[in-house]
Student: 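Have a look at this one.
For reference, positions follow the sequence shown, starting with 1.
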Amino acid sequence: MRYDRIDARILDIVQKNNRLTSEVIGEMAGLSATACQRRLKRLRSEGIIESDVSIVSAAAVGRPIQMLVLVSLERERSDIIDRFKKAIKSSAEVVNGFYVTGDADFVLYITARTMEDYEQFTRRFFYENPDIKGFKTMVIMDRVKSGFAVPIEMPDDD
């Protein structure tokens with residue numbers, strides 16, 4: 001996956017606001033709308049742009065309780081890891097899930113309507129899973145920064 005300086009500019013623009021039209025993005029990047037659309041299509045098809053999303057306020061949609069949960073598995077076997085990854089992907093409560101190194105095997109970002117709902121989730125998702133050794137919950141007091149923007153490196157001119 002390679003991108004040039006114009007692609008980098010487009011990536012920087014759409015990370016800040018993906019609702020801009022191709023005309024506006026093209027104008028900002030020094031391209032025609034058609035050339036911009038072609039580049040966006042290629043960036044998506046190559047997986048450089050993974051998804052176009054809106055960041056929704058969990059509290060505004062009735063899920064004000066937010067947690068980071070550190071999960072440790074009983075054993076680190078590929079079948080157990082794959083099974084837990086599948087469970088993460090199929091759970092609506094798990095907003096983000098990361099397979100990590102360190103003290104835990106996974107870090108999950110979870111939202112809930114109430115602490116009682118979260119307790120029910122933990123019973124179903126963690127306690128009933130024999131592959132889970134343990135988990136630690138950190139309740140989020142304040143979301144200081146939210147987003148998915150990554151710094152875009154300008155490629156060297158080849």
Side-chain angles (χ1 to χ4, degrees), residues 1 3 6-29 31 33 36-73 80-129 131-154:
M1 290 188 274
Y3 62 93
I6 294 172
D7 292 336
R9 180 72 183 124
I10 291 170
L11 292 169
D12 194 47
I13 293 165
V14 297
Q15 282 194 113
K16 291 181 177 97
N17 184 353
N18 72 349
R19 295 186 66 199
L20 298 174
T21 65
S22 297
E23 291 81 15
V24 173
I25 297 168
E27 186 177 307
M28 294 170 76
L31 294 172
C36 181
Q37 286 172 343
R38 268 195 311 272
R39 284 178 178 259
L40 283 167
K41 183 177 179 180
R42 181 181 52 78
L43 291 167
R44 288 181 178 107
S45 70
E46 291 180 2
I48 295 173
I49 295 176
E50 293 182 11
S51 183
D52 294 290
V53 299
S54 295
I55 298 172
V56 175
S57 165
V61 295
R63 301 190 68 80
I65 310 295
Q66 301 170 73
M67 286 88 33
L68 291 176
V69 182
L70 307 177
V71 182
S72 298
L73 301 177
I80 293 172
I81 292 167
D82 291 344
R83 203 168 33 245
F84 192 65
K85 285 180 179 180
K86 188 176 179 182
I88 290 169
K89 290 176 184 177
S90 66
S91 171
E93 292 89 349
V94 179
V95 178
N96 285 297
F98 306 94
Y99 179 41
V100 297
T101 62
D103 293 338
D105 297 310
F106 287 87
V107 176
L108 309 179
Y109 168 57
I110 297 172
T111 64
R113 290 186 309 245
T114 65
M115 285 307 288
E116 291 80 19
D117 285 345
Y118 178 62
E119 182 186 2
Q120 290 303 312
F121 170 80
T122 62
R123 290 174 186 265
R124 186 177 69 252
F125 198 77
F126 299 123
Y127 292 129
E128 293 178 7
N129 185 337
D131 296 329
I132 304 292
K133 179 178 177 180
F135 67 96
K136 292 182 182 178
T137 301
M138 297 179 288
V139 176
I140 296 172
M141 305 278 292
D142 183 22
R143 186 171 75 177
V144 179
K145 182 178 180 180
S146 180
F148 292 101
V150 296
I152 305 297
E153 301 292 324
M154 282 294 174

Student: Take atom CZ of R42 as the centre, draw a 6.0 Å sphere, and report whether it contains more than 12 heavy atoms from other residues, nucleotides or ligands.
Tutor: yes
Student: Is it true that, when you exclude E23 itself, more than 12 heavy atoms of the residues, nucleotides or ligands shown sit nearer than 6.0 Å to its CD?
Tutor: yes
Student: Just checking D103: does its CG atom have more than 12 heavy atoms from other residues, nucleotides or ligands closer to it than 6.0 angstrom?
Tutor: no
Student: Are the charged groups of D12 and K16 less than 4.0 angstrom apart, N to O?
Tutor: yes
Student: What class does the angle between the rings of F106 and F84 fall in, given that below 30° is parallel, 30 to 60° is tilted and above 60° is perpendicular?
Tutor: perpendicular
Student: Looking only at heavy atoms, what is the nearest atom pair of L20 and I13, with distance?
Tutor: CD1-CG2, 3.7 Å
Student: Heavy-atom distance under 4.5 Å between the side chains of N96 and V94, does that happen here?
Tutor: no
Student: For Y109, is there any backbone N or O sitting under 3.5 Å from a side-chain donor or acceptor partner on Q66?
Tutor: no
Student: Can you tell me if CZ on R19 sees more than 12 non-hydrogen neighbours from other groups inside 6.0 Å?
Tutor: no
Student: For V69 and Y118: C-alpha separation, side-chain torsions, deciding distance, then whether side chain to side chain contact (heavy atoms under 4.5 Å, CB included) applies.
Tutor: CA-CA 11 Å; V69 182; Y118 178 62; 3.2 Å; yes
Student: Is the shortest heavy-atom distance from the side chain of V95 to the side chain of I110 under 4.5 Å?
Tutor: no
Student: Rounded at 0.5 Å granularity, tell me how far OG1 in T111 sits from CE in M67.
Tutor: 7.0 Å
Student: Do L73 and K133 have side chains that get closer than 4.5 Å, going by heavy atoms?
Tutor: no
Student: Is S91 reaching over with its side chain to a backbone N or O of A87, donor-acceptor style, under 3.5 angstrom?
Tutor: no
Student: If you measure from OG1 on T137 to CZ on F121, what distance do you get to the nearest 0.5 Å?
Tutor: 9.5 Å
Student: Could you go step by step and tell me if D117 and I65 meet the side chain to side chain contact (heavy atoms under 4.5 Å, CB included) rule?
Tutor: CA-CA 10 Å; D117 285 345; I65 310 295; over 6 Å; no
Student: Taking all non-hydrogen atoms of both residues, which atom of S22 and which atom of Q37 are closest, and how far apart?
Tutor: OG-CG, 3.0 Å
Student: Does this structure show an ion pair linking D52 with R44, if we count only N-O contacts that are shorter than 4.0 Å?
Tutor: yes
Student: Kindly give the heavy-atom pair with the smallest separation between S72 and A104, and that separation in Å.
Tutor: OG-CA, 3.9 Å
Student: Could you give the distance from CZ (F148) to CD1 (I55), rounded to the nearest 0.5 Å?
Tutor: 6.0 Å
